[in-house]
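This report refers to the structure that appears directly beneath it.
First the proteins, then the strands, lettered A, B, ... as listed; each starts at 1.
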Protein chains: 2
Amino acid sequence: MTVTVPAGFTAAGIAAGLKSSGAPDLALIVNTGPRDAAAAVFTSNRAQANPIIWSRQAIADGRARAIVLNSGGANCFTGHEGFQTTHATAEAVAAALDLGAGEVLVCSTGLIGEQLDRPKLLAGVEAASAALSADGGADAARAIMTTDSVPKVAEHRDAAGWAIGGIAKGAGMLAPGLATMLVVVTTDADLDAATLDRALRAATRVTFDRLDSDGCMSTNDQVTLMASGASGIVPDEAAFTAALTAVCQSLAEQLQHDAEGASHDIRIRVANAATEDDAVEVGRSVARNNLFKAAVFGNDPNWGRVLAAIGTTRADFDPYAVDVAMNGVRVCAAGGPDRPRDEVDMTPRTLVVDIDLKAGAHRAEILTNDLTHDYVHENSAYSS
Amino acid sequence: MTVTVPAGFTAAGIAAGLKSSGAPDLALIVNTGPRDAAAAVFTSNRAQANPIIWSRQAIADGRARAIVLNSGGANCFTGHEGFQTTHATAEAVAAALDLGAGEVLVCSTGLIGEQLDRPKLLAGVEAASAALSADGGADAARAIMTTDSVPKVAEHRDAAGWAIGGIAKGAGMLAPGLATMLVVVTTDADLDAATLDRALRAATRVTFDRLDSDGCMSTNDQVTLMASGASGIVPDEAAFTAALTAVCQSLAEQLQHDAEGASHDIRIRVANAATEDDAVEVGRSVARNNLFKAAVFGNDPNWGRVLAAIGTTRADFDPYAVDVAMNGVRVCAAGGPDRPRDEVDMTPRTLVVDIDLKAGAHRAEILTNDLTHDYVHENSAYSS
């Protein structure tokens, strides 16, 4: 299952006691080789958590043997003591598995600004190391959950004999810079670090980077790709990148579907933009407009708020040329009213918003959610 | 009262029937002279309502005799028919008052994308013209309200013999580019249009431009300053600008206090920034962070979300040098935990957030609100 679908990986997920609920909170994923190539993308937030600072260094050589992920605390803004906790975690994994600490990546997720319980964490590493198995992927997927209601998993089994497996967590603070949330993707394809890096950046650019649930960029985001080479197969790079992109898109859509408090998954498709960057900027501007998001929660296809949002961008278009359709009904044509808004069926979970900029030939799609009472409730109560 | 405090102005506020509630929805303010100098700042949203397009042209010569404002509809994205409605409104005011239409400014506020009822509007102009009086300022303040719960008014009576009066409306979409919401400020000082323009830009830059309730920029924002010269006094420009700034700040704080659904007024003070622009960018980033705003609603002094928000800016600072205090309690020192968060009393309506960037000597203050159940409710139900 999941990250243990590809050959050459073991995993575990256990309860280390970091979460007061007693739920699983520590995942360990190990690449048993023969290769240990790896690549990662990190949050572009300048406020970076201790595990991000550690993992950036550890993966600089394009190699990683293991990744340890804890929920129950972000270990961000926890000062020197917090960094020592991250370092000690990597050292503990290394000692248990006979690796160097520099071969171990670390991820953390949870509340910012509080110290992790180091003794519990290190004891948890011991337990997870003892629990590693080739069937442990599902346990790992559960152990990284925070406010997620379900684990997020995806896989690709290629007819050529190689596979990709992935897990993800994240339900809030979904607004990427380079990456978002915690994601681990494994493969038994035999690829070097440079190829993995190219494939991962190509895949995240059009998947996780275009998921923007609440406009709030995390301090702890990391997407990691590890290759064991255990299939002995070197796939075509384009075919691998396409499969990786599909796995990442599936995980991104699962994250969107489980976003905190959301009652709608909103798919904003921007067409006929002058550039792809313009299309992304326009889509993101709508995705971050609280008035539009609240209207969707109220099943109101309020296209005026869509136009007001895109009017704040620098994209190339004429506001009085734009068409907007919702779930297939064109409610705005050339910047004015078209079909009556009550023709739009807003009851499905998914709302598709089509924005035709009439300014070029480029397109992009942004995934977001509505702004709901439950979002406000969950995020006002998170740290209590 | 209000815009009729200065000599040389009459005003009226009447019910034209644009609002289904029957509440007052049409305001008319007339400068009876002897001077007719005027200045205005407009929304920087590229999607501009028909009255904005009209008023920009009408005030280009630095002169205005009258301003007519309607609630009950924004007249935005209403196409050629909508622009004709704005034009007809100005013509009707001109005909009633024996002016040229180019001497009449128009403002509209309400739902985007629906036509105003032109016959009702023009009949309302007749009624308002007949109702003009030197005591009509308070009626005008009430007639421009939409979701506002109270009218917003401010005045300054200078010992030197001149005065300033102002009215404002706005409770949502409070996020300025050049200006925000609908504001009319009058004075009987004898000042030319160029001086009024300088004073108005200086005042709005540090008042309305720093109010950011929900990050959503309107299509209809306009702040207009009209001078009758009726006092016969030419005040010192610095003294006038200071008084105008105080009037604008009072109106901005009244708008903040009445923001839709808000339960906290948040005053974000950014100190020791490398530049004033940096201080504004940092403050605005926090003001637009939904996670922080939801935490404040829950009386949670979640400083981690403050640091995560400012980490997304390009401002010059070291995240691990920053201090954050809330209502006087320093909860974060040098990017790490300081005083326990339960020492912060979050129960008052006002929350003061002090952010010390330790990067320079500049400062700025941004006003915002929390993200509440009532905000979501009011904005999901607005158009229904």
Is it the side chain or the backbone of A/Ser285 that comes within 4.5 Å of chain B heavy atoms, both, or neither?
neither

Of all heavy-atom pairs linking B/Gly113 and A/Pro337, the shortest is O-CG, 3.1 Å

For the candidates A/Ala295, A/Ala334, A/Gly79, A/Cys76, which exhibits the highest count of non-hydrogen atom pairs separated by less than 4.5 Å from chain B?
A/Ala295

Ranked by heavy-atom pairs below 4.5 Å to chain B, first place among A/Gly82, A/Ala74, A/Ala315 goes to A/Ala315

Would you say that more than 12 heavy atoms from the other residues, nucleotides or ligands in this model lie under 6.0 Å from the CD of A/Glu343, or not?
yes

Considering non-hydrogen atoms only, spot the tightest contact between A/Gly304 and B/Ile112 and give its length.
CA-CG2, 3.6 Å

Which residues satisfy the side chain to side chain donor-acceptor pair (under 3.5 Å) test with A/His373, sequence neighbours excluded?
B/His373

Under a 4.5 Å cutoff for heavy-atom pairs, which residue among A/Thr313, A/Asp374, A/Ile310 has the most contacts with chain B?
A/Thr313

Top of A/Thr312, A/Val296, A/Thr78 for chain B proximity - count of heavy-atom pairs under 4.5 angstrom:
A/Thr312

Answer yes or no: does atom CZ of B/Arg349 have more than 12 heavy-atom neighbours from other residues, nucleotides or ligands under 6.0 Å?
yes

Validation row: B/Leu291, A/Tyr375 side chains within 4.5 angstrom (heavy atoms)
yes

If you define the side chain from C-beta out and look only at heavy atoms, does anything of B/Leu371 sit under 4.5 Å from A/Leu371?
yes

So A/Leu111 and B/Asn302, do their side chains get closer than 4.5 Å, heavy atoms only?
yes

